[in-house]
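Everything on this sheet refers to the single structure shown next.
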Amino acid sequence: MTSDALRAATDRMLGAGVDPLAVRVFAHFHEQLADDVTGTVPEDSVEPLTDPPSLDDVRPGDDAVREALARTVVVKLNGGLGTSMGVQGPKSALEVREGRTFLDVIAEQVLALRAQQDVEVPLLLMNSFRTREASLEILARYPGLALDGLPLDFLQSKEPKLRADDLFPVDHPEDPELEWCPPGHGDVYVALRTTGLLDDLRRRGYRYLFLSNADNLGATCDGAVPAWMAAEGIPYVAEVSARTVNDRKGGQLVVRRSDGRLVLRDSAMVVPGEEEHFQDLERHRWFHTNNLWVDLDVLAARLDETDGVLGLPIIVNRKTVDPTDPESTPVVQIESAMGAAVELFDGARAIAVGRSRFRPVKTTNELLLLRSDLYRVTDDGRVEAVSDRPEPFVDLGPEYRLLDGFEARFPHGAPSLRECTSLRVEADVTFGSGVVCVGDVHLTGEPRTVPDGTRLEGES
């Protein structure tokens, strides 16, 4: 029986023009939430993922790669705002290097791939209602990017935030837009169906979908993966990479003991008190990059079988209705992860990839790394490491968390990090030009400016 809370939420969605399929998916999750389904994955219910095949070991011939790429579509998840870094608008509009935004680099990558392989690989952004206009304005700089008859984007759905106390949709008359939230990137499968793109792409002969985050510039479209899928009949591939200390809180693929299936466990799915196991780099050696490959025919069949409700595991995200005001109404946001679909496809595989395919920017710590002399961005949009040294661990203090504060304290750009092992800044420090960090650098004490050309080592 439908509860009053669920009815109120779905009525609000239908009144806002949300597609009925997206409403059904939301209702499925809402019922789980009302039944106290947490979506957690206990440590004793899983085994670690061990020895996945390497991308270097499955490379087919050039003809097979080109044939697979001709049937591949690139989708970038682009619904996120840069609010955690104090950015107004889509995070992908943030400048990463030399005046180029994430979206500029992504466009360069796709255009270069087309030229190199002589294939028309489409690019699609999954935008949110908050990111669409600004993102398409950037892509308009590339008139050859859109392919005939295909859009450059599609919109993910939206859903009401729910009051934490009774699960009714929250009211926030001060800013009604804050009453809504995106349903997590697991919505990509539903949005492809509701927009008609899934059927359209298949009619045009496309078979494989490459999904990745717009803020991960390492996630270029490597045709070896869909060629491997075609050769072995693999419906779904998740890229994983070796964990480092910087990945302790990142999602991971594990093997469910009850049925041997691969399952995704994100940090929000960890049982309280089991964080130590989740972050154990020796036990769980691989992290989930959120670079995914999906067979469109198999996805369409699965959606048909389930009436569009794939049944992805629920993620319960607890916040306040105004994320900038901790005193505003506590809410629950119902989410799902696109990578959780790994457990739904018979024969899904993991593949080990190098660190070069994972260059995300979630915080200003990672933005500093990307802007430093550790990397360069080539003319075809590839992000290349300039040495084989591991990335240093970077932990900037609260003064650097928001972009304005970060930019003000690095007015001449990032310091040199090529010889750096770790950089921890616990003081309000402004960096001069030509600063070089060597080994383990730990800055504490009073606010100050590091003079131009300083070589920083140890604690100071």
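Please read these numbers as outputs of a predicted model, since none were measured by experiment.
Screening residues 392-409 for side-chain hydrogen bond (donor to acceptor under 3.5 Å, both in side chains), with sequence neighbours left out, gives Arg371-Glu407, Arg409-Asp428. Identified under the salt bridge (charged side-chain N to carboxylate O under 4.0 Å, His left out) test for residues 79-89, with sequence neighbours left out: none. Among residues at least two apart or in separate chains, salt bridge (charged side-chain N to carboxylate O under 4.0 Å, His left out) pairs with a member in residues 208-219 are Lys91-Asp215, Asp215-Lys362. Pairs engaging residues 181-197 under the salt bridge (charged side-chain N to carboxylate O under 4.0 Å, His left out) rule: Arg193-Asp304 [sequence neighbours left out].
Other residues, nucleotides and ligands place no more than 12 heavy atoms under 6.0 Å from the CD atom of Glu133.
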Let's go through Tyr375 and Arg97 carefully: what are the C-alpha distance in whole Å and the side-chain angles of both, what is the deciding distance for side chain to side chain donor-acceptor pair (under 3.5 Å) to 0.1 Å, and is it a yes or a no?
CA-CA 10 Å; Tyr375 299 105; Arg97 291 186 72 105; over 6 Å; no
For a side chain to side chain donor-acceptor pair (under 3.5 Å) check, start with the C-alpha distance between Glu47 and His284, then their side-chain angles and the critical distance, and finish with the verdict.
CA-CA 9 Å; Glu47 296 285 350; His284 297 290; over 6 Å; no
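Distance CE/Met13 to CD/Glu159: 6.0 Å, rounded to 0.5 Å.
Taking Arg207 as the reference, Asp295, Asp297 meet the side-chain hydrogen bond (donor to acceptor under 3.5 Å, both in side chains) condition, with sequence neighbours excluded. Partners of Arg349 by side-chain hydrogen bond (donor to acceptor under 3.5 Å, both in side chains), not counting sequence neighbours: none found. In this structure Glu327 satisfies the side-chain hydrogen bond (donor to acceptor under 3.5 Å, both in side chains) test with no other residue, sequence neighbours excluded. Every side-chain hydrogen bond (donor to acceptor under 3.5 Å, both in side chains) that Asn78 has, sequence neighbours left out, goes to Ser92, Asn127, Ser135. Remark: Arg382 pairs with Asp380, Glu384 by the salt bridge (charged side-chain N to carboxylate O under 4.0 Å, His left out) rule, at least two apart or across chains. Remark: Glu343 pairs with Arg256 by the salt bridge (charged side-chain N to carboxylate O under 4.0 Å, His left out) rule, at least two apart or across chains. Applying the salt bridge (charged side-chain N to carboxylate O under 4.0 Å, His left out) test to Asp153 and every residue at least two apart in sequence or in another chain returns Arg132. Annotation: salt bridge (charged side-chain N to carboxylate O under 4.0 Å, His left out) contacts of Arg357 (sequence neighbours excluded): Glu239.
Side-chain contact, Arg265 with His288: no donor N or O sits under 3.5 Å from an acceptor N or O.
Taking 4.0 Å as the cut-off between side-chain N and carboxylate O, Glu108 and Arg100 count as a salt-bridged pair. Ion pairing of Asp171 with Arg12 is present here, as a side-chain N (NZ or NE/NH1/NH2) and a carboxylate O approach within less than 4.0 Å. Salt-bridge check for Arg204 with Asp200: passed, with a basic side-chain N closer than 4.0 Å to an acidic carboxylate O. Salt bridge Glu177/Arg130: present, at least one basic N to carboxylate O contact under 4.0 Å.
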